[in-house]
Participant: 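Please read through the structure below; I'll follow up with questions.
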Amino acid sequence: MPEGKSRTRQALQPIKRARGLTDFLNELNEVQRGAVTATSGPVMVLAGAGSGKTRVITYRIAYLIRNEGVSPANILALTFTNKAAGEMRHRVDSLLRHGSAGGLWIGTFHSIFARLLRNYIDLLGFSRNFTIFDADDSKSLIRQSMTDLNISHDSVPVNTIQGIISRAKNSFIKPGEFQRSAGDYNQQKAAVIYEHYDRKLKENNALDFDDLLIKPIELFNQFPRVLEELQDMFHYILIDEYQDTNRAQYLAAKMLGARRRNIFVVGDDAQSIYSWRGADITNILNFQDDYKEAKTFKLIENYRSTGNILKAANSVISRNVRQIRKELVSHRNTGEPLTLMEAQDERREAEKVGERINSLRMKQGYEYSAFAVFYRTNAQSRVIEDIMRRLRIPYRIFGSVSFYKRKEIKDAVAYLRFILNDRDTESLLRILNFPPRKIGDVSVARLREFAEEKGISLYEAIKRAEEGGFQQRLVNALASFAGVIDKLESMAETATVYEVLSELFTLTSIPLLLQAENTAESLARYENLLELLSMARDFSDHNPDGSSLRDFLENISLASNYDEAQDSDNYVSLMTVHAAKGLEFPVVFITGLEEKLFPLNAYEPEQLEEERRLFYVAMTRAQEKIFLSWAQTRYQYGQPHYCLKSMFIGEIDASIVQKESGAYLSDIQAKERQGGQPVSRPELARRQDLAAAPSAPESRPKPQAAGIRKGTMVHHAVFGSGTVLDVQGTGAKQKVRIQFRSAGEKTLMVQYANLTVQR
DNA sequence: TAACTGCTCTTTTTT
DNA sequence: AGAGCAGTTA
């Protein structure tokens, strides 16, 4: 690229620069540097966990701007989270002189595409003030559609329908087409609902999350001029977490980059954990087929974790068939072995985690913030939370209910949305009788009929309620509501978001009502509204211009609960493994390592591979220590369940896993192989470890019949002690009939019962 | 209109 | 066990 231009640029740089040109590249290893400087043509970077992925993207952007003289406005960088986008922008900014990154297009797929759509969406028959429906909004519209169509909510679950519609949208199947191809009952129902739902969206002048991704493609197909315009704008496209792109994201990026083919993707197939949301791992696996001339860089130097942690992670992930082979290499010392903790139930498991946290703090001086506790499902957090509280360990749960999903916030936001887009019936229905104005369901239904008859919008019908011959009391209530809205609408044209929101609170008295209720809960809600108000003030201070309400709302719609900046407080982090992606902690606890929990119900080999990648993600978050834990019994859906140790434990190189006793799994295995000695109870427990620790990748944990035969005294975690009456069958299906001392006679599957032999 | 009750369902959820 | 929802009752 233009040498001269870059020289000119440099000449213009002030003499005192934070870093010189050479320093800048010297901060990278050789492969990273290659990836940063290969600026023309398609490039794929396979970035293993902790290998400096963000560094490569940000340096590349800085390099393009600083060394190749590319204008920031010609660079498009797409991420999946606001947090990643924010961090990227921040880092680019500090690599360049502050402020010179202005004009860069950095953002999530959704926010960037929303921004583009604001400019062109009228071509598709929406207006620019469209509302963005989040997953909840769209679910409620689907529910509404089902009611309209007289489809009972329990014959087909809303969640299922939402999933089917989302998948159809992301495969670019239109409602009509989908109706023709619909197979089973659910699909047929979904097809009808889909058609209705999509029409409703348009009536509401609203787009759902899927639309934000697929509408641009529709736009590009129907209006090639638009595409060309954008292709001329984005000379360089960079995509983070490429393994998580779905079909629409893949296609949109491909179209945008088609002219110049300067497409740069970074990702790690081993960390693809969102296939259930439509992410398509083949996008990254086939990048080379899509772009034959692509250069590939593999970043495998890991700066985060100890050698043992990587050894463990490598040995696990190597069992996946569908992957691009790579082994992470540690730049740290070997470190300590991993620790396997076994508990009798989930409470005890949580206690062990808590106790371990305390002892590591005392003995090794770790801060609370050094610890993270991961679990596979949110339901597991409750017990852990209880125990942390009891042990007085400060903690924070990530990914609990998002601020913006709280009822009071959604209500206030619904007003703002409606003020901006008075076709947004979803929001209207939310606020029409909130705060209570004696406008009940029956009245709403009549109003909708009235609107239908006249062929007008619901809000129009409200304003013209007098013509409908409704009760005077209702007409008055509606008029006062419309008065509030009109006032705010006209105010919104000139006033700031903050002013509009304050006025809204004054006119509707929502905060006052909550305050008056004076319960702990209502006061918390009151606080939340004040928080929203101060956010609005903050926003207004930074965006004094006219379109600020729209931008404010867009930020809210596209915000998530994982975006919250980590404050500096000292606490233990609790989160699902999914939420942990991209983070790192000195000490990591991976809990609930049991069959059917982690891996969670993996029926297909592909699903098992994804679970394994998830486990891989969990392990590679750790810098220094990993604790793996499982419980022999666990309450699930209110029922006690016997658990079997996760197969993943056995997939880790046994020579680097220690039990709490200090014994290495590999030693236990070796001793087992010699055999012969009388079996003690702890020894038997060890043998069970062995049974679940296959040496070959393909083998599954199976028969645990070791030492169990007729007459054996056994112990069961829940039923207590008993005598084996009978053993039926072999292998995975082996059952035993046991006479328990206090629990009576039971027949149990050996593989699930987790029996220990008593002497 | 709102409070109550019984029924169903339950993974993960970057936007 | 707990949430969310639909239908029922005060």
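Side chains are part of it too, since the values below use all heavy atoms of this structure and drop only hydrogens, waters and symmetry mates.
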Participant: Would you say a side-chain N or O of A:N378 is under 4.0 Å from OP1 or OP2 of B:dT12?
Facilitator: yes
Participant: So, A:W276 and B:dT12: ring centres less than 5.5 Å apart, planes less than 30° off, yes or no?
Facilitator: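 Whether judged by distance or by angle, A:W276 passes, so it stacks on the base of B:dT12.
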Participant: In this structure, how many angstroms lie between the P atom of C:dA1 and the CZ atom of A:R634, rounded?
Facilitator: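 Result: 16 Å.
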Participant: Round to a whole Å and report the spacing from OH of A:Y637 to C1' of C:dG2.
Facilitator: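 Interatomic distance, OH of A:Y637 to C1' of C:dG2: 12 Å.
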Participant: Using a heavy-atom cut-off of under 4.0 Å over every strand shown, decide if A:D134 touches base, sugar-phosphate, or nothing.
Facilitator: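 A:D134: no heavy atom of the nucleic acid under 4.0 Å.
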Participant: Considering only NZ, NE, NH1 and NH2 on the basic side and carboxylate oxygens on the acidic side, decide whether A:D137 and A:R417 come within less than 4.0 Å.
Facilitator: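 A:R417 and A:D137: salt-bridged.
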Participant: Closer to the 5' end of DNA chain B via nearest nucleotide, is it A:R376 or A:A135?
Facilitator: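 Residue closer to the 5' terminus by nearest nucleotide: A:R376.
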Participant: Determine the Euclidean distance between corresponding P atoms of B:dT13 and C:dG4; express it in Å to zero decimal places.
Facilitator: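 Straight-line distance between the two P atoms is 15 Å.
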Participant: Compare the minimum distances between each of B:dT14, C:dG2, B:dT12 and the side chain of A:F80, then state the nucleotide with the smallest one.
Facilitator: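 Comparing B:dT14, C:dG2, B:dT12 against the side chain of A:F80, the answer is B:dT14.
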Participant: Once you round it to whole Å, what is the distance between C1' of C:dA6 and CZ of A:R143?
Facilitator: 11 Å
Participant: Is the shortest side-chain N/O distance from A:T576 to OP1 or OP2 of B:dT11 below 4.0 Å?
Facilitator: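 Answer is no, no contact under 4.0 Å.
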Participant: Expressed in angstrom and rounded to an integer, what is the separation of A:H578 atom NE2 from B:dT13 atom P?
Facilitator: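 Computing the A:H578:NE2 to B:dT13:P distance gives 7 Å.
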Participant: Whole Å only: how far is the CG atom of A:L614 from the C1' atom of B:dT13?
Facilitator: 12 Å
Participant: Can you check whether A:N601 has a side-chain N or O nearer than 4.0 Å to OP1 or OP2 of B:dT10?
Facilitator: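 A:N601 to B:dT10 OP1/OP2: no side-chain N or O under 4.0 Å.
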Participant: Starting at the 5' end of DNA chain B and moving along, which residue's nearest nucleotide shows up first, A:Q607 or A:N433?
Facilitator: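 Final value for this comparison: A:N433.
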Participant: Test ring-ring contact (aromatic ring centres under 6.0 Å, His included) on A:F450 and A:F470; report intermediate values, then the result.
Facilitator: CA-CA 10 Å; A:F450 174 59; A:F470 298 106; 5.7 Å; yes
Participant: Consider only side-chain N and O atoms of A:N528 and A:E408, and report whether a donor and an acceptor are under 3.5 Å apart.
Facilitator: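 There is such a pair between these side chains.
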Participant: Any donor-acceptor pair under 3.5 Å linking the side chain of A:N204 with the backbone of A:K200?
Facilitator: yes
Participant: Round to the nearest Å and state the distance from A:F109 atom CZ to B:dT14 atom P.
Facilitator: 16 Å
Participant: Answer yes or no: is there a donor N or O on one side and an acceptor on the other, between the side chain of A:R304 and the main chain of A:E584, under 3.5 Å?
Facilitator: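 Here the side-chain-to-backbone pair does not exist.
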Participant: From the options B:dT11, C:dG2, B:dT14, select the nucleotide whose nearest atom is closest to the side chain of A:R277.
Facilitator: B:dT14
Participant: Starting from C1' on C:dG2, measure out to CD on A:E385 and report it in whole angstrom.
Facilitator: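 That distance rounds to 14 Å.
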Participant: Using whole Å, report how far OH of A:Y274 lies from P of B:dT11.
Facilitator: 16 Å
